[in-house]
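Have a look at the structure below, then the notes.
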Amino acid sequence: MPLGPGQRVLAVADDLSGAAETAAALLSRTTRTRVLLDPRTDTPAPAGTTTVFDLDSRQLSAADAAARIAAVLTGLAPDTVVCKKVDSLLRGNLAAEIAALAATGRGVLLAPALPAERRTVRDGVPHTDGVPLHTGDAWRAEASAPPRSVAEALGVPVALLGLQAVRGPDHHLRTALREALATGLPVVADAETDADLDALLAATLDIDPRVVLAGSAGLALALGRTLGDGPPAPLPPPGPAARPLLVVVGTAEPVAAEQVRRLVADGAALYALDHAPSHPGPALPPLRPGITVLTPRQDGPPDPAAARSIARHLARTAAALLDTAPGPADLVLTGGETARRVLDALGVRELRPRGQVHHGAVLAETPDGRTVVTRPGSYGGPDSLRLIARALRAPAARTPPTPTPTPAPPAPKPGRTSQDHAKGPFMNATPAAAAGTAPTTAGNTGALPVIAVTMGDGAGIGPEVIVPALLDPGTLSRIRPVVVGDAERLRRAAGLLGLADQVDIVTVEAPADAEFTPGRINVIDLGLLPADLPWGKLSAVAGDAAYQYVRVASELALSGAVQGICTAPLNKEALHAGGHLYPGHTELLAHLTGVEEVSMMLSTDTVKVIHVTTHIGLIDAVARIEPGLVERTVRRGHDALVRAGVEHPVIGVCGINPHAGENGLFGYGEEEEKIVPALEVLRADGIDARGPLPADTAFFLAGRGDYDLIVAMYHDQGHGPVKILGLEAGVNLTVGLPVIRTSVDHGTAFDIAGTGTADPGSMIEALRQAAALAPSPTG
């Protein structure tokens, strides 16, 4: 059943941050949403408005929570789509509320996965970051033990819809779902990706749109994608720096302390309250212009029994502080209970969401003109509060980012001369660049290679790292860059960075038409992105555009028009949504250049790693590893190092099992079967390949300089250490292509896209290494 902008939708949540998150998920250009803090609120809503009720039932008894669900569903129009926001960690009165929903006779689909926060469900068991919920510490602040499965959390039999059914052909999914609903039991659905949730939603609406859709914000987002013709308008611009902003942090999550510390380091004032006295406590200084943080003092582990009293104390204090403000003040509220208590104290009964600063951080307006950002306590990384503050408050002055200096070469390894390291792995530029050759202009081939820079996913941080990287003085001393992408998107990025007056973004038809002067960026403009494409949002249009940029760059490289490719990050899910089913850049480039097998190499100044397998599951990776693949991978890495100037590379090859199997103690002899035969062949050919090595010691030894290259057997064995040892300057290289390709070693970072805070260091380093590896142009 396709849903249009006039479709009746009712959504309910058990706390305020969940209600706001759901409302933001349901936003579209043609559908407005509002959050009501009291179901009895009777304010007229414009046509096409979706209403989300905060039932404030998280802390109620099970019976009272169920009663609130029943009350809000009474008298509902039969064609209303009902969406129940549940906690992705299964907290709250989940069993009672699902039972109340089931009692309506509509049927219930429960899909609590939240892929954006790496919370998944497999075989009916919830996982966080790949760890089963009941074995991790996500429930550290709860008074009870976590459930071992969704069925255990409900306390009743369920019909389980597994991943095999969810990801099967559409008709198989619909058959399995129809049979599960026919049992009359709540249907618990596995899901690991947004595509899984989209498939579940489409099948459910097709079978019976009256079925209650119970799930996390991930399911609400899937529903939101069906409601209108596109994403909501961009967030409003930041308010003046002098207007007071009160940040109330009411969560015991460990990351909260670091979030607060970083905001205070930026100049925010901090009020740390003692725990919940019966009155507001000593008089606090008046709320000053700028940013103030209010948080309870944490003297030990969280006390779940005290959570509500702490929230009320914070609310009373926040209301008192706001009364002292010199003018209208805005709010940031983390933790659903705290957010609700603060707004209750202020008499706010309705919120009008405008969008999200990052996932779960919902920006809304109150009827009296106050801006409020709510966010679940467990969401966001260490910079979450910084990002929110920057979205709400314009800085007093904006200065362009300082160009990242070219990293110095690493110290010589024991037993090697400084001359060896002057041309060490990927540190040397081409001879002309090393000598400081000046930038060249069109018609002068010079000695500098032309590098096609693909813009990646336009909704991510690619444009924001490309602009400062191409303005860096060192870049034009090494290469002649031509961006393949969207000129207008780069101009928007330049504006976000405060660089619009310092850069001239010029459209060219081909690399031969480009001119290379300081401050100019040449763009082969494919014009594929809509002007209103939002930052930080998954988009099939952006996914298709990212593919087209790589396709054009590959054609330019194969024709000799450019000597290398440097790629900004793309989003795999967006790429797939755009109709291009490749695991990533590496496999896509192999296809476009007609190569059957390539390898991914990650390079930092500290350690360099090549992967035998990459974007496949661990069980599949072990099955795929065989002596021939190991041998070919090592040879590709060896040849790349030799081309980069390392005459006799020393290569460490990791084992598969812990301790590299420890002579058969771990595993089933995989090292002897899959790795040792390859090493014997390589050594016979004069390649210094050592191993199999325990991975935990191999990276330590590489970090101190014993190895030029480490060969990892699977994705995380190599990526984890590289990101710890050198993420900021990490570069991704594709080895084995007929063209040079380097890339940043980070993703699209949707959570900070459009904020102007992305670090261009990895892009600058990727361009530098493209210069080091690319041949000089001919002709």
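Under a 4.0 Å N-O distance rule, the pair E337/R58 does not qualify as a salt bridge. Using a cutoff of 4.0 Å between basic side-chain nitrogens and carboxylate oxygens, R492 and E464 are not scored as salt-bridged. Salt bridge absent: K84 and D14 never bring a charged side-chain N and a carboxylate O closer than 4.0 Å. A salt bridge links R340 with D54: at least one charged nitrogen is closer than 4.0 Å to a carboxylate oxygen.
Residues H580 and G543 share a closest heavy-atom pair of CD2-O, 4.4 Å. Closest non-hydrogen pair, A13 versus G18, comes out as CB-C, 3.8 Å. Across all their heavy atoms, S384 and Q259 have their closest contact at CB-NE2, 3.7 Å. Annotation for V465 and A758: closest pair CG1-CB, 3.8 Å, computed over non-hydrogen atoms. Minimum heavy-atom separation, A459 to L533: N-CD2, 4.0 Å. The minimum heavy-atom distance between L10 and V72, with the atom names listed, is CD2-O, 4.0 Å.
The line from CG of N93 to CD1 of I69 is 9.5 Å long, rounded to the nearest 0.5 Å. Distance OG1/T120 to CG/D196: 10.0 Å, rounded to 0.5 Å. Of the inter-residue distances, the one linking T371 atom OG1 with D330 atom CG reads 4.0 Å to the nearest 0.5 angstrom. Residue T128 holds its OG1 atom at 7.5 Å from CZ of R119, rounded to the nearest 0.5 Å. Here CG of D206 is found 9.0 Å from CG of D170. Values are rounded to the nearest 0.5 Å. Here the CD atom belonging to E350 is positioned 5.5 Å from the CG atom belonging to L36, to the nearest 0.5 angstrom.
Here the side chains of V158 and L154 are in contact, with some heavy-atom distance below 4.5 Å. Annotation: side chain of T748 is not in contact with side chain of I461 (no heavy-atom distance under 4.5 Å). By the 4.5 Å heavy-atom criterion applied to side chains, F750 and W535 are not counted as neighbours. Residues L200 and L161 are in side-chain contact: their nearest non-hydrogen atoms beyond the backbone lie under 4.5 Å apart. Side-chain contact check for R106 versus V211: every heavy-atom pair is 4.5 Å or farther apart. Within the 4.5 Å cutoff, the side chain of D190 has heavy atoms near those of the L160 side chain. Using a 4.5 Å cut-off on side-chain heavy atoms (C-beta onward), T51 and T33 make no contact. Side-chain contact between R167 and L173 is absent, with no heavy atoms from C-beta onward closer than 4.5 Å.
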Handout entry: Full working for side chain to side chain contact (heavy atoms under 4.5 Å, CB included) between L363 and L392
Key = CA-CA 9 Å; L363 187 151; L392 295 181; 3.5 Å; yes
Exercise for the section: Begin with the C-alpha distance, continue with both residues' side-chain angles, and end with the deciding distance and a verdict on salt bridge (Lys or Arg N to Asp or Glu O under 4.0 Å) for D344 and R349. Expected result: CA-CA 7 Å; D344 283 348; R349 312 309 302 154; 3.1 Å; yes
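Counting non-hydrogen atoms of neighbouring residues, nucleotides and ligands closer than 6.0 angstrom, the CZ atom of R174 exceeds 12 such neighbours. Other residues, nucleotides and ligands contribute at most 12 non-hydrogen atoms within 6.0 Å of the CZ atom of R148. Sparse packing is recorded around CD1 of I619, with 12 or fewer heavy atoms of other residues, nucleotides or ligands lying under 6.0 Å away.
There is no side-chain donor-acceptor pair under 3.5 Å between S88 and S216. Side-chain contact annotation: S57 with E97, donor-acceptor N/O pair under 3.5 Å present. Counted by atom type alone, S17 and R375 present zero donor-acceptor pairs between their side chains at under 3.5 Å. Judged by distance alone, the side chains of H127 and R122 do bring a donor and an acceptor atom under 3.5 Å apart. Checking R390 against T755 by side-chain atom types alone, no donor-acceptor pair falls below 3.5 Å.
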Please output the side-chain donor-acceptor pairs of residues 176-186 that fall under 3.5 Å, not counting sequence neighbours, one pair per line with the distance.
from: T183; atom 1: OG1; to: A180; atom 2: O; distance (Å): 2.6
from: T183; atom 1: OG1; to: L185; atom 2: N; distance (Å): 3.2

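Using a distance-only test at 3.5 Å, with no hydrogens or angles considered, no donor-acceptor pair links the side chain of S149 to the main chain of V125.
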